[in-house]
Structures are given as structure tokens and as C-alpha cells.
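Letters go in sequence order (proteins before strands), and every chain restarts at 1.
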Amino acid sequence: MGYNFQEIEQKWQQNWAESKTFQASNSSDKPKYYILDMFPYPSGAGLHVGHPLGYIASDIYARYKRHTGFNVLHPQGYDSFGLPAEQYAIQTGQHPELTTRTNIARYREQLDRLGFSFDWSREVRTSDPNFYRWTQWIFLQLFHSYYDKNEDKAKLITDLITVFEQEGNLNVQAECATSTAAFTAKDWNSFSEEQQQLILLDYRLTYISETEVNWCAELGTVLANDEIVNGVSERGGFPVTKKKMKQWSMRIGAYAERLLQGLETIDWPESLKEMQRNWIGKSVGALVRFPVENHGTSLEVFTTRPDTLFGVTFMTLAPELDLVQEITTPEQKEAVDAYIERTTQRTERDRMADVKTISGVFTGAYAIHPLTQERIPIWIGDYVLAGYGTGAVMAVPCGDQRDYAFAKHFAIPIKNIFADTDISEEAYSDKNAGVKLQDSGFLNGLEYTEAMTTVIAHLEKTQTGEGTINYRLRDAIFSRQRYWGEPIPMYYKNGLPVPLEEKHLPLELPKVENYLPTADGAPPLGNATEWAWDTQKEKVVSNDLIDQEIIFPLEMNTMPGWAGSSWYFYRYMDATNADSFVSKEAAAYWQDVDLYLGGSEHATGHLLYSRFWQKFLFDQGHLPVEEYAKKLINQGMILGSSAFVYRKKGTQQYLSKGLIDGEEVEPIRVDVSLVNASNELDCEALKKWQPQFSEASFVLEAEVYNVGREVEKMSKSKYNVVNPDQICEDFGADTLRMYEMFLGPIEQAKPWNTAGMSGVYSFLKKTWKLFLPANELFVSEENPSPESLKTLHQTIKKVTEDIENFSFNTCISAFMICVNELSAQKCNQRAILEPFTILLSPFAPHIAEELWSLLGHKGSISQVDFPVFDEKFLVESTKNYPISFNGKMRFTRELALDLSAKEIEKIILADEQTQEQLQGRTPKKVIVVPGKIINIVG
RNA sequence: GCCUUGGUGGCGGAACUGGUAGACGCGCUGGAUUCAAAAUCCAGUUCUUUCGGGAGUGUGGGUUCGAUUCCCACCCAAGGUACCA
């Protein structure tokens, strides 16, 4: 019979499910360990071989941790809100919930087949009302909070109201909209309810504002910056334009500094931390005020180089700035208006396309230099962005390349304030020590660092500016014009948003007939007939009943994809709690995620937003820690290898790969299952695959049609998806698990190929044969030989170290060596085979369970203690004498310390083994380095 | 451009704090077994060679008795980011 993986795997998967082997408890004498995977979006294409990569790795680690005495939480769920299900609904009219359910069932089936040790009793789905009621609840908490800059934490908005009533906002240090005006307690108390609410909206951590958004007309929705790639939508590749809309936003900017600082406390990959740092984009510099000539106002600019203040020869404003209209002189008005008109018409895409083109217009106005009182011309130019800093820059052409190019282009004077530098070709933008300032008043002779502190001190003393810190991170837009997402629990009374109360959650998604935006441009929820809030009956009622007194329209936007995923990892701790998103006790027990595994593509999305919510919920006392994931590992994607056929233009003739040179052909992707491992196409199968190929004729080379290959992301639309089911069928889950780990380091992206599968498969067969050489268990109770013990303990050492380091590919090599050696030793002692089975069980759990039970054990192997490495079994044959010889010879450190070169030479010549290796030759040179190793050059 | 990571046989990839480069697997070659094939087992496999050797970890330098590993400069690839003042 041999190794019957199908029977074994089915048997143990069933056994685990029935005995609830992997259910975690929320209390235990053992230390806790929480290992988390990024939960999948259940797409219609099903699971492909890339998905399980991370899950296999985390499963190995979770199983290892159970073996080493931890109470392990290893849950799984589904990020089940999302655009694809909605797109599918638009096309087919099927409710997204229905398709999502079907997809989840399929995912579950595929996941189960791989033998994961998930605790499914804690499964979560973000689209489940029992889950999203808590997403909505967190949204309300954010709405009821503001950020106090003095205490550097989020506080309740009711506290802020108390302050306003007593002393107005004059002393309030809080994150708020830039437009918020100052008011006294008296003012506040005289404001109408409506005015008060509008002011509070400027302070809330989630707020409504008119924002310029990335609008994608084809998708009918707003996109976040990270959903846009190269100026087109990540999904579908549709054009994106700017549009002003009323949107919910999250004040993530309030947490910029803490998000940055927090990175120092967590063990995440350096590259990912760097990405987040860049995204937050902290710059230290100064705000400088330039009074505008003949105007009451002054122009405020942000600069990272206040030391170059004396080098300013012009100012540039972003064309969108309101101030531009105010200060433009009548003579320049026409030119300025024309320029503004031109820039607004240009889409983001156009603007990116010609970064090199320099454009701008003089406004006719002048600013007064705060230190020299010189008149500085004010220009506008679209290289200045309205959304960063103050939307205005002081231009120092000698020190900034963009300013330099602008000045050259418009023949504006350039003043060199850097002594002994050449700026005839380009600006001098380095901050090197040694370069002294000149022509810079009281800064003359100073270098960068000194000049910075001196000038900032001076600005602050003369009240013309101050040192400041600026962040690139913008507030996150939270509204989506989509159906398949969490409804925002708000209704509108007199145009102002009013939150629902906690007891009214969840606010469930209404039924709609049509998932597209309405004819008048409202989001899909505008199609719902039952989408109004009755404040008396406290329930959702029909839109027809809306009046101005008690029944109001509900918010029609839904939440973005990252809402549910920003906190789901706490729900696993207490998945069925109906009273809170997680109980205090469960959160106190599990605390945080010890190890989080997922792709780096979420670096500036999910992984940043979730840290933000975490800090907020921590501030409000709902969670015990400020960072939720101690350690994070990025697993690399498994890429697909797409296959191409080449159609001769305008014909039904397909040329083999080697024949396309010099021909006009169009490459067409074909399903990879139609191609064999040597890139040969099954032509008959292709004809049947799609109607467009039914009339195809093939031009072969050497009797076969060779396809072209290209490595790219695995995706249904690229026909390069390889699905794990067939591999489980042919080789078994244990082989697939080990093979995916054997493919290479976990962090690395790698193309999928099945070429090496047979190696892993034959390893498992050899393992089986080691226990059952003649289809029957053959195990002796004798004491094992020293060599077998040595092999075992070497393997224990290597496997333990490699698991701890997540170096699973080398770990599997160690297993292969071990089995080869034990086979060669004809080892069949229980004392060796039993520990070996435990070592193997995290990787190949099914075969390990089977062998464990064959060895006569009752119960699952999964909780058995992991074998411990014992050095005494490693026979120290190499202790005092040459480890080996190959032109060089190595001694232990102790020996090298004690002996001189001459003495060592004597030992070498006296040693029989060495003599043999030297084959009669005498060493030419002996090099002794005290405390190190000795080289003998033969 | 900037930031991050990486560059080792025909291929995927090993090599701990500098110490026998190429572990392990695939592929390939030869052999055993078989009527034959599959499966299995054994041996070989960086390149080069006049069989003594010689060269070799992207390129060029440097430090060291000794460098894939450390330092400098450059080239290339992947991912991120971009008129961010």
C-alpha cells in the first residue's frame, strides 16, 4: 500500500474537526501566544496556491508554539466587504451577500483541505451585522472624540464642550480644521445649536468636510490615494479626476507623530517601517510670514530650509489658493485667471505626465521680506501643491533645484548665498558642513546647523515666524459611494449629521434593486426605499415618510474596505460577545498579536489605519496596548507564470514562440493548464477552450507549439492561476505545505513552478518507509546507536533554530538529511523515531498524526512536548583536532591560543589522519592568529 | 530622482558573529532493478585544465593571514514613493 496520503489526510482533518483539537481557551496556566494571518477577501476565483503561503508558515509556527507549551490563538476569518462582489452584483443582479456566502464556503473547503490548525469557532466576517455593528460603534466613538494636543491623546467631545462653555476655544490646543475661528465662552453660549454643532464638527476625529477627492467616474466612487496607481484606478485601470465632494474623513493626522514614534517599539520589517515613515513624511522646518505689500494680510510659508531665508528672490503660490484672487493686480488678472483655468482642467494624470514642463504666472503683487524688507515678487505655479504645507513656498533658486529651474525659465534673479559654490548650472541643495553662508546678514559665515537654530530663534523673537514640524500624511477620506460596505450610522437633520445611539446598532444594509449610483449621482444606497430614520420609533423606515420633524434621511455613503480590517484582530479574542467589541477580560488576557503575517502591499493602507484605530481605542481606555502587533513578517507573493500564444496580425494563424522574430504578431494569454512543463501547448484543447480559437491553425517548430512565458501576479484575468486542489489530489496537503515552504525564503516573491514537487513528495514517502519498510510498522525498543542519536539531535537543533527564525526552507533540508541518514543507519528505534515524528508534525501534520497513532499513542500529537536538543549526543570528534583538511586546516580556538606555529606544525606532521590527507606533502606555511584559527597552506 | 531590499552553478536556493563557497532539492549524466516503463536505489554534477593545477559569489578598488560576509565607488533587478518646499 505505502503512503496513502488521501486516506490519512481525510481521516485526521475529520478527527481534528470532531475533537475540536485547535480550540483556544481564554484562560490557561500556559503563556499566551497570538498568531494572526491577514484574513482573505473571498473572491469568486477561489483560493490559489499563493494564498496559503503565509497561512502555511503561520500554521507551522502556531503548531510549534503549541508543542512548546503555549496557549495559542490562531484564528481565521474573511474580509468579506469589497468591490468585486459589488461589481459582480451590478453585472448579474445577484445580491453580494449571496455570492460572498458561496465564495466563503468554497474558501473554507479549500482551507480545510490543507490541514490548518485554525480555531474556527472564532471565525469573523466583516460583512456580518454582528461584526459590523462594532465597526459602526468605533466610528461613533471617533465621532464623539477630539484630539487634545497638550495631553497628546484623544478625549471625549463632551469635555471639549465644557471647556468651550467656560473659556471658549482661545486656550484649546486641539487638532481641528484650519478655518476654525477663535471665540470666547460668551460667543459660544450665544451660538445657535446649529452653529455649535458645525464648530464641533471641526474638532471631531471623524468629521464631514468638503474635500477634493479622487473621483473615478467608471467605478462611480471615490478612491484613496493608495487605490490609485500611476494616475489610474488600481482596480480596472480607469482614469481618475479631481472633484469636490462632501465626505467623511478621519483625523489620522492627529496621530502622525505617535504613529511615527510607535514604529520604534515594534519588530516589523525595516523596509515596511520605512514605507510608513515616508508616508507620514515628517519634515522639520519653520513657518515664515511675509507681509503682502499694500494688503493687510501676510503670506505664510513652510520651509525646511529657513537658513536660506536671505536667498529668497520670489514667492510661489499654488494656483488653487483663495489668496491668489485677493492679491492679484488688475493688470495681471487676465493672465492669472487663464493660468488657473488651465491647471484645473488638467487632470492629475496630465500633471504627472509633464513634470518637466515649467509653468507659472506673475500675480503683480509683492511680499516684503521679513528680514531685509526687500520687495519680493509673488508668482503662482502648479509645481506648488495646495495640499501640502501652506500651499505657498518661498523660492530660493540658489538652494532648490525646482526654484532654480523656475527662476531660469522666467529670468528671475538668482542670488547665491553659499560661499565658494558654483551655481551656474544647478542649485546647491546639499546641507554639507563646511559650506558657509554669505550675503545673509546676521547669518553670514554660519554653516547649516548653526544657521538653522539662529534664524529660527530670530524669527520667533521678531514674531515673523516659528520653528515647526510638517507631516505629509493627510486625513483619510472615509466615505465610499458603494453598496457593499458598512453603513455609516448617521442621519441628517437640517443638513447636519446626527449620530445614531449605540443601542440602535447595527444599522443594517438596506435592500436595493440596483447596485449602481442613482440617476442624480447619489450613492447606491440612494436606491433604497427604506432608508430614513424615525427618531421616535427609533428604527429605519421608508423614505416616503421623511419630514422635517421626526423622520430624517440616513447617510448614503458606506465605509471603505479598511474599516473592518482595522480592528478585526480584537474580535477573534471574543468573537461572539454581544455586549462589546471585545470584553475587557479577553483583551486583558490576549493583549496583542504576537506575530502577524501578511503581504507588504498593505504597508500604507491597512497596516497604518489599524495602528491609528488601535491608538485611538487605547486612548479611550478600550484596549490595553498602544501597538497591536509586536512582530510582523511579510510573506512574498507567489507569482504566476502566464502563457502566451502569438497570433499573426489579421489572421487565424498562431506562430510558435521561436518563429515570431520579424513577424507582426499579437501576444494573447492562454490558460496555463493548456500548457505542459516544457512550454508545449495542447493545441486541440486550446481550440475548445474559447470560441476565438476554434478556427486556429498552428505553425509548429519541431512538431510542437511553444508558448511564451511571463512572470506576473497570479490573477484570474491573466489565466495563470494554479489552484491547490489538484495538487492536494495528486500529492497531498503535506507535500503541498512542505513544498511551498521549500520554495525559498518566506519574505521573497517567487514564481510558482511545480518542478521541485517530486523531491518533497519522495521525502515523505521515504519517511513513511522508515517507519513501515514493508508496509508494516517496524519499530524496536532497543537503545539507539550513538550515530542515530547524533543525527536526531543535530536535527532537533537545526529545526528548532530554523523555526524560530522563520527559515522554513533550510529547515526542510534538515529533515531530508535526517531521513537519509536514518535510512542509511537502518534506524528503527522508538527513541529516535518518536521525537522525529514530533519534529515533523508542524510541517506535515497529517502524516505525523498517523505515525504517532501507529506508534501506539492515543490523542493528537499537537500538544505533545517538542523534543529538546541535548548537546551530549553530538559526539565531539572534532574537539581538539583538525575538523577537516582541504589545503587549509582548522583548529579550535583553545589550541590556537596555546600553541606556537612550530608546535602546531609538529602536531600536523605527527597526525596520521592529516598525513593521509597531505598525501606526503609538507605544509608550506602555517599561520597562527592568536584567539582565532590556523591556516595551513599546503 | 529618492528610500528599501537584493545580485552566489543549468534552475530554486544554503553558508551562524569574517574561517573548507555551492548544503538541500530540481534538472542532467552514468549504473543497478525491470521483458519494458513508472517507481525505487547507487554514483557523479561550479567552470576550466596539458590532471600538477588555475579561476570563481554583479563590476572596480580597499581593510585582513583569510572576504559571499566589513568599508568605498559604480552597474543591474524588484518593491515603495514622487514637483512634499
Task: Any A/Y383 side-chain N or O less than 4.0 Å from OP1/OP2 of B/rA85 - done: no

Task: A/W279 CH2 to B/rC2 P, straight-line distance once rounded to whole Å - done: 21 Å

Task: B/rG10 - base-pair partner by Watson-Crick or wobble geometry, distances under 3.5 Å - done: B/rC26

Open item on the list: I want to check one thing: is the phosphate of B/rU40, taken as OP1 and OP2, less than 4.0 Å away from some side-chain N or O of A/K765?
Closed with: yes

- [ ] Can you label the angle between the A/F836 ring and the A/F771 ring as parallel, tilted or perpendicular, going by 30° and 60°?
- [x] tilted

Open item on the list: Under 3.5 Å for both donor-acceptor distances, Watson-Crick or wobble: does B/rU46 have a partner, and if so which one?
Closed with: B/rA55

- [ ] Grab the NZ-P distance between A/K769 and B/rU40 for me, whole Å please.
- [x] 9 Å

- [ ] Any strand is fair game: report the nucleotide pairing with B/rA37 by Watson-Crick or G-U wobble, both distances under 3.5 Å, or none.
- [x] none

TODO: Report yes if at least one side-chain N or O of A/S283 is closer than 4.0 Å to OP1 or OP2 of B/rA85; otherwise report no.
DONE: yes

Task: Span that lies between the C1' atom of B/rG52 and that of B/rU57, in whole angstrom - done: 26 Å

TODO: Measure the shortest side-chain to side-chain distance between A/S610 and A/W562 over non-hydrogen atoms and say whether it is less than 4.5 angstrom.
DONE: no

- [ ] Would you mind calling B/rG58 syn or anti? Take O4'-C1'-N9-C4 for purines or O4'-C1'-N1-C2 for pyrimidines, and syn is within 90° of 0.
- [x] anti

Task: Ring geometry between A/H369 and A/F290 (parallel below 30°, tilted from 30 to 60°, perpendicular above 60°) - done: perpendicular

Open item on the list: Rounding to an integer number of Å, can you tell me how far A/D802 CG sits from B/rC16 C1'?
Closed with: 11 Å

Open item on the list: At under 4.0 Å between heavy atoms, how does the protein contact nucleotides 22-32 of chain B? Give one character per nucleotide, 5' to 3', with B, S or -.
Closed with: -BBSS------

Open item on the list: Are A/F406 and A/F314, when compared by the centres of their aromatic rings, separated by less than 6.0 Å?
Closed with: yes

TODO: Decide, for B/rG9, between syn and anti: a glycosidic angle within 90° of 0 counts as syn, anything else as anti.
DONE: syn

Open item on the list: On a heavy-atom basis, which atom in A/I638 and which in A/L743 lie closest, and how many Å separate them?
Closed with: CD1-CD2, 4.1 Å

TODO: Give me the one residue out of A/L317, A/I412, A/V384 that meets side-chain contact (heavy atoms from CB on, under 4.5 Å) with A/W379.
DONE: A/I412

Task: Spacing of A/I638 atom CD1 relative to B/rA78 atom P, expressed in whole Å - done: 20 Å

- [ ] Just compare B/rU40, B/rC83, B/rC84 and give me whichever is closest to any side-chain atom of A/R472.
- [x] B/rC84

TODO: Verify the contact: side-chain N or O of A/Q748 to OP1 or OP2 of B/rG6, cut-off strictly under 4.0 Å; return yes or no.
DONE: no

Task: Any strand: nucleotide that pairs with B/rG66 via Watson-Crick or wobble, under 3.5 Å - done: none

